[in-house]
Amino acid sequence: MRRLLALDTSTWWAGVALVEDGRVTLERRRHVTDSHAARLLPLIEAALADAGWERATIDAFAAVRGPGSFTGIRVGLGLLRGLALASGRACVGVGTLDAMAQDRGSAPGARVPVLDASRGEVFAAVFDPSGVPPAATREAWLGSPRSVVEAAPRGAVAFGPGAEKYAALLEAGGLAVEPGRAGCGVAGAAGIVAWRRLEAGARHGADVEPLYLRPADAELAR
């Protein structure tokens, strides 16, 4: 396997990355104000054109599977399955927080990516300091910001939009909070994680079910 295309639709920033031989060749992001469904395919086509890649040369596809935007995740995984089916190529899903930890790179302590889940809650997970792909020491959960303090080991580094939003609370609880790491390279990082997993023998279609952690708003309303 040489070439892989990865998608990130976990937030209002849509991301597309092209990975070749385990390295990000190109990554494009766009702030989506209406619908991922309307913006994702043009973003893919623009990225392929910029890199000079023909779609037929792509060996595999990947997309983040959550947690994150309910609608965005659904759109990204739906397109992932469609691209894989149309081309007969492999596809895999990658956790949003796994990709964030990969994007962070090595840290002096455990890596703790945190996404704002609204309603005073966050999505978070705890990963080893330097594994590639990152190895989770606590899988993704939905909880209060205080739950991050309770779950993170001493010396952990928290980052992402949720960590920035609740920085004062997390720092008071002994975590180091890194500003400015809002997942800018999530699509590329997801592509690297997917490439490594496929090279290690991950099966086609692995982890392509969404990881929501919370029911949709419509379900909660009912």
Inset, instruction - Answer yes or no: is there a donor N or O on one side and an acceptor on the other, between the side chain of Asp128 and the main chain of Ala135, under 3.5 Å? - result: yes

Inset, instruction - Check whether Leu4 and Ile192 end up in the same hydrophobic cluster, where Ile, Leu, Val, Met, Phe, Trp and Tyr are linked by side-chain heavy atoms less than 4.5 Å apart. - result: yes

Inset, instruction - Heavy atoms only: give me the nearest Leu40-Gly76 pair and the separation to one decimal. - result: CD2-CA, 4.4 Å

Inset, instruction - May I ask you to test the Leu41-Leu43 pair for a side-chain heavy-atom distance under 4.5 Å? - result: no

Legend entry - Pro113 versus Ala125, closest heavy-atom pair with distance: CD-O, 3.4 Å

Inset, instruction - Please step through side chain to side chain contact (heavy atoms under 4.5 Å, CB included) for the pair Arg196 and Val132, ending with a clear verdict. - result: CA-CA 8 Å; Arg196 291 286 190 107; Val132 180; 3.7 Å; yes

Inset, instruction - Compare all side-chain heavy atoms of Asp50 with those of Leu18 and state whether any distance is below 4.5 angstrom. - result: no

Legend entry - Shared hydrophobic cluster for Val186 and Leu77 (ILVMFWY, side-chain gaps under 4.5 Å): yes

Inset, instruction - Give the C-alpha distance, both sets of side-chain angles, the deciding distance and a yes or no for side chain to side chain contact (heavy atoms under 4.5 Å, CB included) between Thr25 and Trp53. - result: CA-CA 11 Å; Thr25 297; Trp53 285 20; 4.1 Å; yes

Legend entry - Which atom of Ile73 lies closest to which atom of Gly68, heavy atoms considered: CG1-C, 4.3 Å

Inset, instruction - Give the cluster check for Tyr166 versus Leu142: same hydrophobic cluster or not, with ILVMFWY residues linked at side-chain heavy-atom distances below 4.5 Å. - result: no

Inset, instruction - State, yes or no, whether a side-chain contact exists between Leu79 and Ile44 at a heavy-atom distance under 4.5 Å. - result: yes

Legend entry - Close side-chain approach of Val208 to Arg81, heavy-atom, < 4.5 Å: yes

Inset, instruction - Indicate yes or no for a side-chain donor-acceptor contact from Arg29 to the backbone of Asp8 under 3.5 Å, with no hydrogens or angles considered. - result: no

Inset, instruction - Output the distance between atom CZ (Arg39) and atom CG (Asp34), rounded to the nearest 0.5 Å. - result: 4.0 Å

Inset, instruction - State, with a plain yes or no, whether a side-chain heavy atom of Tyr212 is found less than 4.5 Å away from one of Arg74. - result: yes

Legend entry - Criterion side chain to side chain contact (heavy atoms under 4.5 Å, CB included) on Phe159 and Glu164, from CA distance to verdict: CA-CA 7 Å; Phe159 50 92; Glu164 292 189 31; over 6 Å; no

Legend entry - Expected output: side-chain Arg65 to main-chain Asp207 donor-acceptor under 3.5 Å: yes

Inset, instruction - State, yes or no, whether a side-chain contact exists between Ser69 and Thr9 at a heavy-atom distance under 4.5 Å. - result: no

Legend entry - Closest approach of Ala110 to Val126 (non-hydrogen atoms, all atoms of both residues): CB-CG1, 3.9 Å

Inset, instruction - Quick one: closest heavy-atom pair of Ser118 and Arg214, and the distance? - result: O-NH2, 3.6 Å

Inset, instruction - Mind listing the closest non-hydrogen atom pair of Val177 and Ala163 along with its distance? - result: CG1-O, 3.7 Å

Legend entry - Within 6.0 Å of CZ in Arg3, more than 12 heavy atoms from elsewhere: yes

Legend entry - Verify same cluster id: Leu115, Val148 (apolar side-chain graph, 4.5 Å): no

Legend entry - Sidechain-backbone polar pair: Ser130 side chain, Ser106 backbone, donor-acceptor under 3.5 Å: no

Legend entry - Any donor-acceptor N/O pair, His204 side chain to Leu198 backbone, under 3.5 Å: no

Legend entry - Straight-line distance of Glu121 CD to Trp141 CH2, nearest 0.5 Å: 12.5 Å

Inset, instruction - Determine yes or no for a side-chain-to-main-chain donor-acceptor pair under 3.5 angstrom, with Arg2 supplying the side chain and Thr57 the backbone. - result: no

Ignoring hydrogens and angles, write down the donor-acceptor pairs under 3.5 Å from the side chains of residues 87-102, residues two or more places apart or on other chains.
from, atom 1, to, atom 2, distance (Å)
Ser87, OG, Leu83, O, 2.8
Ser87, OG, Ala84, O, 3.4
Ser87, OG, Arg89, N, 3.3
Arg89, NE, Ile58, O, 3.2
Arg89, NH2, Ala56, O, 3.3
Thr96, OG1, Gly66, N, 3.3
Thr96, OG1, Gly66, O, 3.3
Thr96, OG1, Pro67, O, 2.9
Asp98, OD2, Arg197, NH2, 3.4

Legend entry - Residues which pass side chain to side chain contact (heavy atoms under 4.5 Å, CB included) with Glu199, listed by chain and number, not counting sequence neighbours: Met1, Trp195

Inset, instruction - Look at the side-chain heavy atoms of Ile, Leu, Val, Met, Phe, Trp and Tyr, link any pair under 4.5 Å apart, and say whether Phe70 and Leu211 land in one connected group. - result: yes

Legend entry - Side-chain heavy-atom pair Leu26, Val16 within 4.5 angstrom cut-off: no

Legend entry - Side-chain heavy-atom pair Phe127, Arg138 within 4.5 angstrom cut-off: no

